[in-house]
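Below is one structure; the comments refer to it alone.
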Amino acid sequence: MTAPAPAAAPPAKAWKAQTRIELLLTLRRGESVLLTFLIPVVLLAFFANVDVLPTGDGDPIDFLFPGILALAIMSTALVSVAIATGFERQMGVLKRLGATPLTRRQLLGAKTAAVVVIEALQVGVLLIEGFILGFRFSAPSLGLALVGAVLATVAFAGIGLLMAGTLPALTTLAAANGLYLLLLLVSGMVFPLDELPSGLQAVAELLPSTALAQVFHGALGDATVPTSAIVVLFVWAVAAPLAAARWFRWE
Amino acid sequence: MLRTATTLTRMPALEVTDLVITYGDTRAVNGLTFSAEAGEVLAVLGPNGAGKTSTIECLEGYRRPTDGRVRVLGLDPIAQHDRLVPQIGVMLQSGGVYPGIRPIEALELHAAFYADPADPTELLARVGLTHVRRSSWRQLSGGEQQRLSLALALVGKPRVAFLDEPTAGVDVQGRQLIRSTVRELAQDGVCVVLTTHDLDEAEKVSDRVVIIDRGHLITVGTPDQLMAAGGSREIRFGAPPGIDTAALGKVLLAAVHETSPGEYLVETDPSPGNIAALTSWLAEKDLPLADIRAGRQTLEDVFLRMTAITGEVPAVRIDTRSKDSAKARTERLRGRRRSA
């Protein structure tokens, strides 16, 4: 039955199977679903109905919806990728895959595809919720939002992989969750940036999470998109994956 | 005991030449040379920390040799990684599988990496995991995880399979299943390299044994050759505990020791005459004979003797016999070395 007949499968077949399993396992992990779907959905519903945030005179949903969308992207591309990859590394999954014909490029491609699919699902769910809660687009520039989302995804995934590839899995787990909470608070996603002390605000503006929130607020709402936000995202999108490629350890 | 490989032209499936692996100041592997052919089961045997895994990981392409040369199917495992990986199957010492994945999903995933894989459902049945096909990896017992790891190593129909401690933590049935699978692979012409510190396993499953200790090659040979080597002048037998060894010694004109309760060692030539004298003495006393072994050591004896040469006797786990007997034998060997 297993008389030798070795050859690699066509690259597309391996990539597809790997993508499928990445998606399946992500959606099967309760904590991942909690983080990527439940928390953004609950935060949006809660703060849209409980007017405690200093979101200005308008309907809070107009400020919250783009911010929560940015949060959702961050939760998948940074936190979920970091935690999952960290444990895959610790459990020897990456090592074992390294002895199969699946190439690193195919593995990375599969992880990317899985992230994109999850993000699309998140956006779909949040769009429906946003509309139910009364969010309406006013002359959105979807192209700009898409550029921001792509750059941010690359930047976040780079940071997530850098953590996963250098720290022990449990440290990555703790650090990624801590980072999630910190960035949620200081990045202008839920609390407007100008409510922060000026020193903190200056630092926050250099973060990819802040830049993504600014891009979404501008592109999907009434604000203007600062050029600096695109520059910040671009720099992170180049630097973080390079750092990950440089320092990532497979075991 | 020696099994003949049935198939294919004999070719070196792997070659290790003067392999040296260092970690910082430590030489984990020091000038190792051996090879294996298609259709052969090679057991790399040694105590913990002997350098078994380091050596295997060089062959798998995980580790770069500090010095020396390794070739698998004529390929450099690191430089020609892409050409080699479709042809090898790897079973890591532990882990390697997504904690949340189900056995059938894991097999289907790995099958998708190969052009002509084995059928995942059939393979799952072959390693006896059909009943847990819907459980996740983390829910499987240690033995079930090992069997799934073995199946994953075979799903690509490899020409060379590397199994690192395949039966560690596996129950008796699981161990037999893994052994029979290994034998079938060899019959199909696959070169199987397995590491073990279980002497019984090496004796039962392998065509040839490489014994290493602290990074050094101690010896290579078939289990039969190794066990015959030295042609020990002794008779071992099992009988009820507490027989009168002094009286028996007078009859046989040799020292008789009870190495552990009910296990006896006679320091004399295993000639038919001596064996006849032994058995008739037992018959006179109406003592039943449990077993008798003459002129042939177990691999365990060889191992302890061989590894003892390089220094202190290493800690070895022995599955088949009681620890007492191993200890007694070790002490005897030490005594013999001192007197030599």
Side-chain angles (χ1 to χ4, degrees), chain A residues 1-33 80 83-107 109-111 114 164 169-170 173 249-251, chain B residues 7-8 38 57 60-62 73 81-102 105-106 108-119 122-123 126 136-138 149 152-162 181 184-185 187-191:
Chain A
M1 187 172 79
T2 48
K13 186 182 161 203
W15 171 80
K16 222 170 101 181
Q18 186 63 33
T19 304
R20 186 184 156 273
I21 217 75
E22 296 270 352
L23 269 175
L24 192 71
L25 295 177
T26 304
L27 293 174
R28 198 178 278 166
R29 272 197 306 273
E31 67 275 16
S32 155
V33 173
S80 195
I83 295 172
T85 312
F87 278 100
E88 285 163 17
R89 174 168 163 262
Q90 175 155 317
M91 303 288 295
V93 175
L94 299 180
K95 180 179 181 180
R96 179 65 186 84
L97 289 176
T100 69
L102 185 78
T103 62
R104 286 182 190 193
R105 192 178 298 182
Q106 287 164 3
L107 177 65
K111 283 194 174 293
L170 280 175
L173 174 73
R249 289 285 163 269
W250 294 81
E251 324 175 24
Chain B
T7 49
L8 302 181
E57 288 195 344
E60 292 164 340
Y62 287 128
L73 300 168
H81 178 263
D82 290 354
R83 277 178 64 196
L84 181 60
V85 277
Q87 311 190 61
I88 64 171
V90 168
M91 178 176 176
L92 300 178
Q93 205 173 94
S94 65
V97 183
Y98 293 101
I101 204 167
R102 294 167 182 159
E105 291 167 350
E108 281 167 355
L109 172 68
H110 281 249
F113 301 153
Y114 301 89
D116 178 27
D119 180 75
E122 270 176 53
L123 201 50
R126 179 166 163 189
S136 66
W137 163 264
R138 69 165 80 83
S149 290
L152 289 174
L154 306 184
V155 74
K157 297 184 186 168
R159 294 175 66 191
V160 182
F162 297 102
T181 308
E184 283 167 33
L185 283 172
Q187 275 156 24
D188 284 343
V190 179
C191 171

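Computed from a predicted structure; not experimentally measured. Every chain is numbered from 1 and lettered A, B, ... according to where its sequence line falls, protein lines coming before strand lines.
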Residue pair B/V155 / B/Y114: nearest heavy atoms and the distance that separates them: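 In this case the closest contact between B/V155 and B/Y114 is CG1-CE1, 4.3 Å.
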Least distance between heavy atoms, A/L107 atom then A/L94 atom: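 Heavy-atom minimum between the residues: CD2-CD2, 4.0 Å.
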Looking at A/P11, A/A14, A/G98, A/P10, which makes the most heavy-atom pairs under 4.5 Å with chain B?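 Winner by heavy-atom pair count: A/A14.
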Is a donor on one side and an acceptor on the other found under 3.5 Å between the side chain of A/E22 and the backbone of A/A110?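 Not a single qualifying donor-acceptor pair exists.
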Could you check which of B/S136, B/G95, B/A112 has the highest count of heavy-atom pairs closer than 4.5 Å to chain A?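 The answer is B/A112.
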Residue, of B/H110, B/H81, B/E108, B/M91, that accumulates the most heavy atom pairs under 4.5 Å with chain A: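 Option with the greatest count: B/H110.
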Please classify the contact between A/L24 and chain B as side chain, backbone, both or neither, with a heavy-atom cut-off of under 4.5 Å.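 For A/L24, side-chain heavy atoms alone lie under 4.5 Å from chain B.
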Heavy-atom proximity to chain B below 4.5 Å, by part of A/Q90: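 Neither part; nothing is under 4.5 Å.
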Before you tell me yes or no, could you show the steps for B/V85 and B/F113 under side chain to side chain contact (heavy atoms under 4.5 Å, CB included), namely the whole-Å CA-CA distance, both residues' side-chain angles and the distance that decides it to 0.1 Å? CA-CA 10 Å; B/V85 277; B/F113 301 153; over 6 Å; no
Pick one of side chain, backbone, both or neither for [X], based on which atoms fall under 4.5 Å of a heavy atom in chain A.
X	answer
B/Q87	both
B/V97	backbone
B/R138	neither
B/E57	side chain
B/A111	backbone
B/L152	both

Residues B/W137, A/V93; criterion side chain to side chain contact (heavy atoms under 4.5 Å, CB included); working and verdict: CA-CA 12 Å; B/W137 163 264; A/V93 175; over 6 Å; no
Side-chain heavy atoms of B/V160 within contact of B/L84, under 4.5 Å: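 Counting from C-beta outward, B/V160 and B/L84 never come under 4.5 Å.
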Salt bridge check: are B/E105 and A/R28 linked by an N-O gap of less than 4.0 Å?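 Between A/R28 and B/E105 there is a salt bridge, with a charged N closer than 4.0 Å to a carboxylate O.
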Under the criterion side chain to side chain contact (heavy atoms under 4.5 Å, CB included), I'd like the reasoning laid out for B/L154 against B/V190: C-alpha separation, chi angles, the key distance, then a yes or no. CA-CA 10 Å; B/L154 306 184; B/V190 179; over 6 Å; no
